[in-house]
Protein chains: 2
Amino acid sequence: MEPSLLYAIKQVELAVRSHLDDILKGSGVTAVQYTALTVLHRRDGLTSAQLARNSFVKTQSMADIVTALEKARLISRRRDPADVRRILISLTDHGRDLIAQYDDPVRKLEARMTDGLTATQIRDLRHSLNHCRATLSDHPPH
Amino acid sequence: MEPSLLYAIKQVELAVRSHLDDILKGSGVTAVQYTALTVLHRRDGLTSAQLARNSFVKTQSMADIVTALEKARLISRRRDPADVRRILISLTDHGRDLIAQYDDPVRKLEARMTDGLTATQIRDLRHSLNHCRATLSDHPPH
DNA sequence: GGATAATCATCAGGTTTCCTGTTGTTGATA
DNA sequence: TATCAACAACAGGAAACCTGATGATTATCC
């Protein structure tokens with residue numbers, strides 16, 4: 001009986017999170033919080049609601065994470081002058097330092113994971129994952 | 001700046017979980033609990049500790065899930081006569097019914113996710129994911 | 001222009017899923 | 001036999017999710 005692709009993805013993600021938790025032990029942030037930081041590192045000035053949509057969770061759930069990151073002085077928040085409802089989030093210097101500090105071990109984890117795959121296989125894997133992500137986003141659960 | 005493979009996997013898993021939560025709404029089980037049931041469906045008679053290792057979590061964490069499933073009468077537990085420390089877990093008829101009930105919508109979710117990919121691409125994706133899983137298991141965090 | 005709808009942030013309260021740490025029992029090993 | 005490893009379980013706590021509701025602001029439609 002062939003295990004499903006859904007299960008295979010979950011398995012890899014579980015393994016990655018386990019290794020990531022280990023890498024981040026002592027950093028003061030969880031794997032989920034670290035991921036939110038990396039998203040902000042790539043796209044500064046997002047709102048909590050945008051971050052939530054990016055992670056397929058409710059805004060209330062993302063608020064927990066944002067609150068923790070702000071308390072740790074890793075992010076800062078400011079009103080959007082163009083839309084007073086919005087509060088834009090940016091990394092602080094402290095937040096950028098943390099990203100920089102763990103960039104290397106996280107890259108090494110990815111290298112270890114793909115060790116044994118060819119460059120072509122890695123490229124195809126990335127392509128297929130992006131395809132799956134896009135397809136599921138186009139047909140949202142609600 | 002290229003998003004990492006680790007991030008791509010997390011994104012797909014988040015999207016899958018979101019859709020799975022939606023499918024399972026009304027089932028009485030969570031996505032995590034459902035996944036544990038599918039593992040037992042494929043390999044009956046596992047212990048809680050074995051399930052935990054399979055999911056890269058501590059035995060104490062898996063105990064929460066197993067307790068919930070037993071309370072819902074979806075699994076049953078019995079002592080292993082060959083090793084009295086162990087308690088083997090099996091699906092009940094009720095548990096098998098639940099798996100059967102949601103098998104079709106879950107398969108459809110997987111089909112939707114891979115819509116647009118060729119059979120070869122899907123095969124390669126499965127192969128690469130299994131490779132990543134195995135590589136990370138061979139180099140455990142602890 | 002004004003009513004209606006959508007969006008954002010937030011409060012309250014609750015559940016699930018993870019953790020550390022500890023203990024007692026049993027099986028494996030030296 | 002003595003030691004060590006594995007399993008299950010208890011206690012307690014934190015993180016990350018949820019539903020439901022509210023007020024403020026912006027967007028849309030007649």
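In what follows, chains carry the letters A, B, and so on, assigned in the order in which the sequence lines appear, proteins first and then strands, with residues in each chain numbered from 1. Just the heavy atoms: all of them, side chains too, but no hydrogens, waters or symmetry mates, feed the values below.
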Under 3.5 Å, is there a donor-acceptor pair between the B/R133 and B/S137 side chains?
yes

Grab the CG-C1' distance between A/L24 and D/dA14 for me, whole Å please.
16 Å

If we fit an axis to the first five pairs and another to the last five of the helix from C/dG1-D/dC30 to C/dA30-D/dT1, what angle do they make, to the nearest 10°?
50°

Kindly indicate whether the side chain of B/T59, heavy atoms from C-beta on, has any atom under 4.5 Å from the side chain of B/S48.
no

Under 4.0 Å between a side-chain nitrogen and a carboxylate oxygen: does that hold for A/K25 and A/D21?
no

With nearest nucleotide decided by heavy atoms, which residue, A/A82 or A/T30, maps closer to the 5′ end of DNA chain D?
A/T30

For atom OH of B/Y34 and atom P of C/dT17, their distance in whole Å:
15 Å

Qualifying residue for side-chain hydrogen bond (donor to acceptor under 3.5 Å, both in side chains) with A/D104, from A/K108, A/R107, A/Q101
A/K108

D/dA8 P sits how many Å from B/I75 CD1, rounded?
12 Å

Might you confirm whether atom CZ of B/R73 has over 12 heavy atoms from other residues, nucleotides or ligands at distances under 6.0 Å?
no

How close or far is atom C1' of C/dC18 from atom CD of A/Q33, stated in whole angstroms?
14 Å

May I ask you to test the B/V66-B/R77 pair for a side-chain heavy-atom distance under 4.5 Å?
yes

Using whole Å, what does the distance between atom C1' of nucleotide D/dA15 and atom NZ of A/K25 come to?
15 Å

Among side-chain atoms of A/R78 and A/S90, is any donor-acceptor pair under 3.5 angstrom?
yes

Under a 4.0 Å heavy-atom cut-off, which of residues 9-17 of chain B touch DNA chain C?
none

Once each nucleotide of nucleotides 3-14 of chain C is scored for protein heavy atoms under 4.0 Å, what B/S/- sequence comes out, 5' to 3'?
---BBSSBB---

Among the nucleotides C/dC19, C/dT17, D/dC17, whichever has the atom closest to the side chain of A/V57 is D/dC17

Does B/R96 come within less than 4.0 Å of B/D93, counting only side-chain N to carboxylate O?
yes

Find out whether A/V57 and B/R17 are in side-chain contact, i.e. whether some heavy atom of one side chain is under 4.5 Å from a heavy atom of the other.
yes

Rounded to whole angstrom units, what separation is found between the CG atom of B/L46 and the C1' atom of D/dA8?
16 Å

Would you say D/dA8 has OP1 or OP2 under 4.0 Å from some side-chain N or O of B/K58?
no

Begin from the C-alpha positions of B/H41 and B/L91 and carry the test side-chain contact (heavy atoms from CB on, under 4.5 Å) through to its verdict.
CA-CA 7 Å; B/H41 189 243; B/L91 291 186; 3.8 Å; yes

Measure from CD1 on A/I65 to P on D/dA14 and round the result to the nearest Å.
17 Å

Donor-acceptor contact below 3.5 Å, side chain A/H131 vs main chain B/D115
yes

Quickly work out the B/M62 CE to C/dT16 P distance and round it to whole Å.
16 Å

Ignoring hydrogens and geometry, is there a side-chain-to-backbone donor-acceptor pair from A/T114 to A/L117 under 3.5 Å?
no

Using a 4.0 Å heavy-atom cut-off, does A/S61 contact any base of the nucleic acid, only the sugar-phosphate backbone, or nothing at all?
base

